[in-house]
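Proteins come first, then strands; the chains are lettered A, B, ... in the order of their sequence lines, and each starts at number 1.
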Amino acid sequence: MAGVARAGGDGGGSSNELQWCFSQVKGAIDEDVAEADIISTVEFNYSGDLLATGDKGGRVVIFQREQESKTRPLSRGEYNVYSTFQSHEPEFDYLKSLEIEEKINKIRWLPQQNAAHFLLSTNDKTIKLWKISERDKRAEGYNLKDEDGRLRDPVRIKELRVPTLKPMDLMVEASPRRIFANAHTYHINSISVNSDYATYLSADDLRINLWHLEITNRSFNIVDIKPANMEELTEVITAAEFHPQQCNVFVYSSSKGTIRLCDMRSSALCDRHSKFFEEPEDPSSRSFFSEIISSISDVKFSHNGRYMMTRDYLSVKVWDLNMENRPVETYQVHEYLRSKLCSLYENDCIFDKFECCWNGLDSTIMTGSYNNFFRMFDRNTRRDTTLEASRESSKSRAILKPRKVCTGGKRKKDEISVDSLDFNKKILHTAWHPTENFIAVAATNNLYLFQDKIN
Amino acid sequence: MGEEEGVHQTQLLDTMFVRGLKRKCFDGEEDVEGTLAGIKAIPSYNLQRQSLLDMSLVKLQLCHMLVEPNLCRSVLIANTVRQIQEEMTQDGTWQMISTQSTGQTSLDRLVSTDILCRSSREQAEGKHVPGYGTLSKDFEGDEGQDSSETMSTASSVQAPRNLQGNVWEMENPQENKGNFQKSLDQIFETLENKSPNSVEDLFSEVDNSYYDLDTMLTGMMSNTKMGHCDGLETFSSPTNTASNSNCKSDLNELDHIVEILVES
């Protein structure tokens, strides 16, 4: 799989197959998983030095990459906790008698413009802009107060001095700078920062709003698919994202497996799309579950802005933005589940929302599955890999062994049969470092970090 | 999978649905079983489809119990129900079930009120049966002529028509969350729109005194059981009854009574 150029690689005869090895795991080891600790979103920042996670308890944990040490020059920097804060609290909507969950649905970083870091975090109803800043100096030698903070009697001050800055232990502070509230009737599923770095969109089941980062008391509604009569509702918005370069373009996906690309220059209300992406259905495989499994759970533009990727229940599809009638590539994530759809409907697993991500070069895509398996697809070689995030293979630098699911007939050694899969161990959230072969995989309450093997 | 006798029904459904089998008429039943030869004791396609419909309707009802239902999930389930409904209409099986239910009108009325009362008792016991109260409210609100028909069982075909209106309107403050007090409010509101006859019909099986606030408060103060509607003891909170415009007692009198209760 393509990635960072490797010293000594000849790209010709020898295998370019990338091997992944374990780097770190974050989170409790207990079998008993506290609901609040379940990770609900994972996101690298633009440089990859910071990795943020959000959980069901409304907390955000940010990991920072340590600088590479001189004693171990070949080892990549470790990620250690940089900041932890409570982003959202549970709320109660008295008008509807409903609880508003504090679960963090999405985190999106803003590009760094000064010493501080900014990110947007959202739950079902409210988006918050957080500033994370470091403090490693403090002022000493105040005139009006003692070192321990007690006020000095002004009468007794005989001479003035200038306070000096002295170093202190590093303190990382997170403070909410903006709160964008009361703009969504339905549950927010996506936020996306625009390439102008001044605006962002937030999408719920039926509407998409455009915000300016500086203005919290106003947002523009740019998409509204709510029918006049709610009884006619048959389709909802499932994800939305801004184009990485064109600040007037965004896409949103639906529960019917369609993607609409909208241009904000054409009209203020983007109810009419510029492009409509839908793959015609294969009539021979139609079943009562066809629509449910076609529902798109995630949509992501490629870094170069030429493609977008969608994730539905059984597959990942890559679309060329210039071709609306079908995807250019389709990858089966776990086709062996097609014969189990009724069971998966009964236990609600069929409604699980898997995410997907691109690597920095847009040559490989990754998405999660069940049994703590996650899958990678190399778009150039068309080779795919299944790996597992498990404590058993969590020895330092241990190479991950590819896994295989046995779909029928004789089960080979090391294969796992479909009926043995643990559907409670689902990998919904994964993230790929923007420039390196380094990935973060969220397995329930644990965060696994893997890196490519260095020869 | 599916080779053993007595396999779980959903496993059999899996086998069936993997092919997306669709049948145009009843006669195809042998064909279906022929194709799936080798699997013993497989229920008919109709039975499996009905099972899927039942499962879907139960899932939609469960939505009412959740804190805030996932709209995407609800929409997808409702669309599945509609698909089944359309296919059953084409099959002709839909009409069959429709005609059956109209003959059970009086039974439905009985059941509906029984459910109302049962939900209050289960309320007292800590259980929730919220869906029925809400759904019957929607029926009565939306369908003038059909007001007497309510969804007595999960497989009633009348349910899907009004499910959407029910499921989506979570912003409607009247949606109940399994609270008997609220479903009772809804019933009263519905009754406001009804002709006197249907009101009497609806409650013909139940002693009207249960809904008489005075009676309830009297019963509460004297600590007597109210028959099979024990849960009504919890009904007489000031805010709830104040919002109930059909309540017979005078508000001032109510305040006075509650004041006495609170002080004692």
Side-chain angles (χ1 to χ4, degrees), chain A residues 90 92-101 124-125 185-187 189 204-206 226-227 229-238 254-256 282-295 297 337-348 350-353 408 417-419, chain B residues 1-2 8-22 48-49 51-53 55-56 58-59 62 66-84 86-87 138 142 161-179 182:
Chain A
F92 195 78
D93 182 336
Y94 290 95
L95 210 57
K96 301 187 211 171
S97 283
L98 292 172
E99 255 194 33
I100 299 170
E101 279 191 313
D124 284 339
K125 297 285 183 178
T185 309
Y186 302 95
H187 290 177
N189 53 54
D204 66 32
D205 295 313
L206 298 179
K226 183 181 176 191
N229 183 359
M230 278 295 268
E231 290 189 10
E232 291 165 5
L233 181 66
T234 57
E235 190 174 10
V236 301
I237 297 169
T238 52
S254 84
S255 56
K256 288 200 170 170
D282 174 13
S284 67
S285 65
R286 172 132 191 93
S287 75
F288 287 122
F289 304 111
S290 294
E291 186 183 315
I292 299 178
I293 63 169
S294 76
S295 175
S297 51
L337 294 183
R338 193 179 286 274
S339 57
K340 304 276 183 189
L341 290 179
C342 197
S343 306
L344 295 165
Y345 179 70
E346 189 183 25
N347 64 17
D348 265 12
I350 207 175
F351 301 108
D352 286 336
K353 292 194 187 312
S417 74
V418 181
D419 295 314
Chain B
M1 184 184 78
H8 189 270
Q9 187 173 358
T10 44
Q11 287 184 316
L12 295 176
L13 282 167
D14 281 339
T15 318
M16 181 191 91
F17 285 118
V18 68
R19 313 255 185 104
L21 293 171
K22 292 186 83 127
Q48 295 184 31
R49 182 176 58 186
S51 172
L52 183 64
L53 179 64
M55 197 197 301
S56 304
V58 168
K59 280 182 179 299
L62 282 171
L66 291 179
V67 165
E68 180 137 45
N70 183 328
L71 188 62
C72 182
R73 177 178 171 274
S74 305
V75 168
L76 290 172
I77 297 172
N79 289 352
T80 306
V81 167
R82 198 184 302 113
Q83 273 185 62
I84 298 174
E86 277 167 17
E87 190 182 278
D138 273 342
D142 296 346
R161 233 188 304 159
N162 289 314
L163 270 171
Q164 279 117 328
N166 197 25
V167 166
W168 316 144
E169 294 292 5
M170 293 311 293
E171 63 236 43
N172 181 351
Q174 294 164 354
E175 284 298 318
N176 81 58
K177 307 294 169 287
N179 192 326
K182 287 192 187 153

Q: Sort A:Ile350 into side chain, backbone, both or neither according to what part of it lies under 4.5 angstrom from a heavy atom of chain B.
A: neither
Q) So which of A:Asn189, A:Ile292, A:Asp348, A:Asp124 has the biggest tally of heavy-atom pairs under 4.5 Å with chain B? A) A:Asp348
Q | Contacting region of A:Ser254 [heavy-atom separation from chain B under 4.5 Å] | A | neither
Q. Of the backbone (N, CA, C, O) and the side chain (C-beta and beyond), which part of A:Ser295 lies under 4.5 Å from a heavy atom of chain B, both, or neither?
A. side chain
Q. Is any side-chain N of the basic residue among A:Asp204 and A:Lys125 closer than 4.0 Å to the acidic one's carboxylate O?
A. no
Q | Over all atoms of both residues, closest heavy-atom pair of B:Cys72 and A:Thr238 | A | SG-CG2, 4.1 Å
(Q) Can you tell me how far apart CG (B:Asn79) and CD (A:Glu291) are? Round to the nearest 0.5 Å. (A) 4.0 Å
Q.
Donor-acceptor check, side chain of B:Lys59 to backbone of A:Glu346, threshold 3.5 angstrom: yes or no?
A. yes
